[in-house]
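What follows is a set of notes on a single structure, which appears directly below.
Treat the numbers as computed from the prediction; the structure is a model and nothing was measured. Proteins get letters first, then strands, A, B, ... in listed order; numbering begins at 1 in each.
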Amino acid sequence: MPELPEVEHVCRNLQKLVVGKTIGCVEVRLPRIICYPSIQEFCAQLQGLTIQGVRRRGKYLIFSIPPFELISHLRMEGQYRLAISEEEQPHTHVVFHFTDGTELRYRDVRQFGTMHLTDRPENYPIGLQTLGPEPFDESLNASYFLQIAGRRKLSVKALLLQQDVIAGIGNIYADEALFLAGIHPAASCWQLKKKDWQRLLVSVREILQMAIEAGGSTIRSYADGYGRHGGFQIQLQVYQREGQPCQHCGREIVKIRLAGRGTHFCPKCQKIPRVQSDSQSVQRRKEA
DNA sequence: AGCATCTCCTGTAGGC
DNA sequence: TGCCTACAGGAGATGC
């Protein structure tokens, strides 16, 4: 499941593979992938245009194809692959035929991926329009999290998954970052102090940076533009390691369900920050 | 408003 | 062996 590091890697490879290529025609075999505009317009508008660049924003891939932008989200299992004459893999839903005889194939087993083609920001997918800051954005700091979530009772894991709060984090790296920060995923946002947010932000950046350098994580199906798998999965400390010993303390990794997602953590290393709430302090005064 | 749950989808794993 | 069910999850929709 591609998150920021995987999309970043795909993006860098696509920059090498498709920039400068001119589209001859486009084949759309699964209409649901194309969210905007209609299939007919999508194909007709791309014909004869040249790809000038590819960039990433959150988990979105944005192809610059003047005067348009093609915004592609891989969701769970979307993959791009540049091909010449190789046999086509099943679940290939969109094919961009280039004038040089090569083709860019979009493959997506679970059919969750989306594409938008537009020259107007108001037609961007909602998620891109409301996307929060990039994790490596220098203006991002602990105060931002305190301000946006300091009073909320939402779990910190659920908050990390909200793309309008911080862009690009998915289930794998949310679990890993919380482990690295020593914060319990079920801790409520209001329980975190500024230093906790600071530690979490540092951990998020550290995990994402390491994963980018390793070429991302391949859990089920992720592959880059060349069909290569990522290497970070072997460095995962908690994700999908339920029942195995924590590599820090030896305690069994536990799996719970949080925010509708499988959530993995070490019950010894990851604590809910201790906060003395008003009601608790009133209670203590009464007891005293 | 804020939060939880459901939905889309298919391959895989586990139980019987 | 073969069938059935649960599960995986990003993001948008829905409901409380």
Side-chain angles (χ1 to χ4, degrees), chain A residues 1-8 10-11 28-36 56-62 71-80 89-94 106-116 122-132 134-135 145 147-178 185-192 208 211 216-223 229-230 233 236 238-243 253-265:
Chain A
M1 36 227 76
E3 302 180 24
L4 187 150
E6 291 77 27
V7 180
E8 176 65 27
V10 170
C11 178
V28 177
R29 298 173 194 159
L30 185 69
R32 73 161 78 240
I33 301 288
I34 313 301
C35 298
Y36 185 89
R56 179 195 61 74
R57 173 81 172 94
K59 301 177 200 169
Y60 291 91
L61 278 170
I62 305 173
I71 296 131
S72 169
H73 198 302
L74 306 174
R75 293 288 182 96
M76 306 302 299
E77 307 203 16
Q79 297 175 6
Y80 280 102
Q89 291 181 287
H91 309 291
T92 298
H93 303 312
V94 183
Y106 178 74
R107 180 170 180 257
D108 189 346
V109 171
R110 277 148 95 176
Q111 309 181 8
F112 279 174
T114 59
M115 292 185 197
H116 292 69
E122 57 265 37
N123 291 332
Y124 284 177
I126 301 292
L128 181 56
Q129 293 185 42
T130 60
L131 203 57
E134 290 286 322
F145 287 101
Q147 189 194 340
I148 211 161
R151 291 168 178 272
R152 296 171 69 175
K153 66 175 187 179
L154 186 74
S155 71
V156 62
K157 159 86 182 252
L159 187 91
L160 286 179
L161 295 176
Q162 289 192 358
Q163 302 301 300
D164 56 345
V165 172
I166 180 168
I169 300 174
N171 205 39
I172 300 172
Y173 300 114
D175 282 4
E176 293 297 316
L178 285 163
S188 289
C189 291
W190 66 265
Q191 296 174 299
L192 271 64
L208 293 177
S217 304
T218 294
I219 297 300
R220 256 179 61 94
S221 63
Y222 161 73
H229 289 176
Q233 61 277 10
L236 297 176
V238 289
Y239 184 77
Q240 283 195 345
R241 293 193 65 246
E242 179 190 11
I253 300 299
V254 170
K255 179 179 179 184
I256 58 172
R257 202 160 179 85
L258 202 58
R261 302 285 176 260
T263 299
H264 314 74
F265 67 100

Indicate for each nucleotide in nucleotides 10-16 of chain C, in 5' to 3' sequence, whether protein heavy atoms under 4.0 Å reach the base (B), only the sugar-phosphate (S), or nothing (-).
-> BBS----
Under 4.0 angstrom between [X] side-chain N/O and [N] OP1 or OP2:
| X | N | result |
| --- | --- | --- |
| K255(A) | dA8(C) | yes |
| H91(A) | dG11(B) | yes |
| Q111(A) | dC8(B) | no |

Sequence neighbours excluded, the answer for ring pair (Phe, Tyr, Trp, His ring centres under 6.0 Å) partners of Y60(A) is H73(A)
Contacts of Y124(A) meeting ring pair (Phe, Tyr, Trp, His ring centres under 6.0 Å) (sequence neighbours excluded), chain-then-number -> none
Round to the nearest Å and state the distance from [X] atom [atom1] to [N] atom [atom2].
| X | N | atom1 | atom2 | result |
| --- | --- | --- | --- | --- |
| R151(A) | dC3(B) | CZ | C1' | 18 Å |
| I148(A) | dA1(B) | CD1 | P | 15 Å |
| Y239(A) | dC7(C) | OH | C1' | 11 Å |
| Q240(A) | dA13(B) | CD | P | 11 Å |
| L159(A) | dA4(B) | CG | P | 11 Å |
| E77(A) | dA8(C) | CD | C1' | 9 Å |
| I33(A) | dT10(B) | CD1 | P | 11 Å |
| L154(A) | dT5(B) | CG | C1' | 14 Å |

With a 6.0 Å cut-off on ring centres, are Y36(A) and H116(A) close enough?
->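 Ring centroids of Y36(A) and H116(A) are no less than 6.0 Å from each other.
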With a non-hydrogen cut-off below 4.0 angstrom, is R257(A) in contact with a base, only sugar-phosphate, or nothing?
->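 Result for R257(A) = sugar-phosphate.
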Sequence neighbours left out, what passes side-chain contact (heavy atoms from CB on, under 4.5 Å) with H91(A)? Give chain and number order.
-> H93(A), R107(A), V109(A)
Residues which pass side-chain hydrogen bond (donor to acceptor under 3.5 Å, both in side chains) with Q147(A), listed by chain and number, not counting sequence neighbours = none
Between Y106(A) and S72(A): side-chain donor-acceptor atoms closer than 3.5 Å |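 No, S72(A) and Y106(A) have no side-chain donor paired with an acceptor closer than 3.5 Å.
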Using five base pairs at each end, measure the axis-to-axis angle across the helix from dG2(B)-dC16(C) to dC16(B)-dG2(C) and round it to 10 degrees.
-> 60°
Partner set under salt bridge (charged side-chain N to carboxylate O under 4.0 Å, His left out) for K59(A), not counting sequence neighbours = none
Non-neighbouring partners of R57(A) that pass salt bridge (charged side-chain N to carboxylate O under 4.0 Å, His left out), sequence neighbours left out | E134(A)
Qualifying salt bridge (Lys or Arg N to Asp or Glu O under 4.0 Å) pairs with a residue from residues 168-178 of chain A, counting only residues at least two apart or across chains | K157(A)-D175(A)
